[in-house]
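Position 1 is the first residue of the sequence, and the numbers go up from there. Quick caveat, the model's predicted, so the values are computed rather than measured.
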Amino acid sequence: MFEREKKGERAVVLLPHARGDLDSESRADEFVELVRSAGAEVLERVRARVEKPSPKYYIGSGKAEELAEAVRAFEADLVLVDHTLTPVQERNLEALLKVRVVDRAGLILDIFAQRARSHEGKLEVELAQLKHMATRLVRGWTHLDTQRGGAIGNRGPGETQLETDRRLLAGRVKMLTQRLDKVQTQRTQQRRARMRNTVPRVALVGYTNAGKSTLFNAMTTGEVYAADQLFATLDPTVRRIEDLSCGPAVVADTVGFIRELPHDLVAAFRATLSEARDADLLLHVSDAADEERELLASVVNQVLAEIGAEDVPQLRVMNKIDLTDTQPVIKRDEHGMPQQVWLSAHTGVGLDLLREALGERLGGERVRASLQLPLSAGRMHARLASLGAIVSEKVDEDGWQLQLDAPRSVLAPLAGNSDAQARALRALINPE
């Protein structure tokens, strides 16, 4: 055991990589940027080729000694590892290096803790941190054991300090989960209210530092913090935009994604990420100047699949064309539907094309039509009403005459049956 320093942000960075890893250099640069975003000073980079992870240190013992020499030479306060470590590997490295050791997941959690501003964001970060911490509790205070006693042969420690810590931590996790469930209920009610107003919902998603918040500010009157750093903003912000050909819409800015986003964070941020899952259209923002933009886009799509948003329609936004030789343009598919918009949120070039593409995509993704329902179709009427799809209705002896306005994706599940009402709705959704 050793006493951890209470302060100090002078770091040695350990960068493991596999043989033939083609993106190891860009990944290393990204991790160093993560370290700087957390407020640490990078003193030295130590690279380590790892073919088969060591159960003890993750890296080999020789490389661990080299790392210890670098820590002593630069008088570092901590070591940051660009990989997820097991609790045992983390403890063994700390015992060898005599400094704090933080893996990739712990570093991202720390950045999130620094950036969270809203009550909801702070709850989500704390819950993720506690779940991460739960696997790293160690028995270090046997002198704090309590409740000794028992029958002959069974006299020994009662509840240990470790068990007390685990019990307190579990209680805190339960309380935070209950609070976040209330937040989730409130957000669900807000989204239902927006659906009842039949306003299309758009969510900005993308790899961190792709320019989502800058684009959000350019599209709306929002004042979201935007900076050239990873995870500049965490808390979701929703604003209304009016100047679209399809009518008004609401746009939500969401947290940026990154390689190996800790699962505890994905689970904790379910309320935030549900803005993407429940959207009518995703604006997938990419950095047009980044040579690895397609690889990073696949990372974003993997996280979207984790939260159940893989089937939400996407409009790709290629941002930062001011750093390239590309001109603003809308790229369309074989049916003439916009698929990509190339623009610069920083200079404003191409924003008019984005509004044009949004108007076309949101207009095409919505169903605006009349539907006649007999009085016997009360269940269908109730479900349409709960989804906010009914703009107006008239009732007479023949049934309900409804005016519908809703996203195609919302109405599609109701059209899956074989009864007459489902067939009529199917005809509206997919006209010949």
Side-chain angles (χ1 to χ4, degrees), residues 198-222 224 226 238-254 256-257 275-276 279-301 304 309-368 405-409 429-431:
T198 65
V199 177
R201 296 154 294 158
V202 179
L204 291 171
V205 298
Y207 207 77
T208 184
N209 211 28
K212 296 186 306 303
S213 295
T214 303
L215 179 62
F216 181 84
N217 288 337
M219 292 173 61
T220 70
T221 57
V224 174
V238 180
R239 294 287 185 272
R240 184 182 176 101
I241 52 177
E242 301 283 351
D243 52 349
L244 300 178
S245 61
C246 64
V250 292
V251 181
D253 188 19
T254 63
F257 300 155
E275 292 289 351
D280 301 317
L281 181 68
L282 297 179
L283 290 187
H284 185 159
V285 184
S286 295
D287 183 350
D290 193 333
E291 295 179 355
E292 295 188 324
R293 59 177 181 261
E294 296 306 321
L295 174 63
L296 304 185
S298 67
V299 172
V300 173
N301 287 327
L304 290 174
E310 68 272 24
D311 295 328
V312 181
Q314 291 189 17
L315 174 63
R316 191 84 177 271
V317 178
M318 310 303 290
N319 191 22
K320 303 186 182 181
I321 63 169
D322 52 307
L323 304 179
T324 70
D325 297 329
T326 311
Q327 296 299 313
V329 66
I330 297 178
K331 294 187 177 181
R332 303 174 181 271
D333 62 13
E334 62 272 16
H335 304 294
M337 189 63 68
Q339 295 298 309
Q340 290 186 0
V341 181
W342 293 67
L343 53 77
S344 170
H346 178 65
T347 64
V349 173
L351 287 176
D352 55 334
L353 298 180
L354 177 60
R355 292 187 176 91
E356 177 185 338
L358 275 174
E360 291 185 44
R361 287 294 299 266
L362 292 176
E365 295 293 339
R366 297 186 74 82
V367 175
R368 296 181 175 89
D405 183 357
R408 200 177 304 274
S409 59
I429 297 174
N430 301 303

Which residue is it: Arg201, Met219, Arg239? I am looking for the one with a side-chain contact (heavy atoms from CB on, under 4.5 Å) to Val251. Met219
Nearest atoms (heavy-atom pairs only) where [X] meets [Y]:
X: Asp280; Y: Pro313; answer: O-CD, 3.6 Å
X: His284; Y: Gly206; answer: CD2-CA, 4.3 Å
X: Val341; Y: Gly350; answer: CG1-O, 4.2 Å

Using modelled atom types and a 3.5 Å cut-off, is there a donor and acceptor pairing between side-chain atoms of [X] and backbone atoms of [Y]?
X: Asn319; Y: Ala210; answer: yes
X: Arg293; Y: Asp287; answer: no
X: Arg316; Y: Ser286; answer: no

Any side-chain heavy atom of [X] sitting closer than 4.5 Å to one from [Y]?
X: Leu353; Y: Leu343; answer: no
X: Pro200; Y: Leu281; answer: no
X: Leu304; Y: Val312; answer: no
X: Gln314; Y: Asn301; answer: yes

Does a sphere of radius 6.0 Å around CD in Glu291 hold more than 12 heavy atoms from other residues, nucleotides or ligands, not counting ones at 6.0 Å or beyond? no
So among Gln340, Gln339, Glu360, which one has a side chain to side chain donor-acceptor pair (under 3.5 Å) with Arg332? Glu360
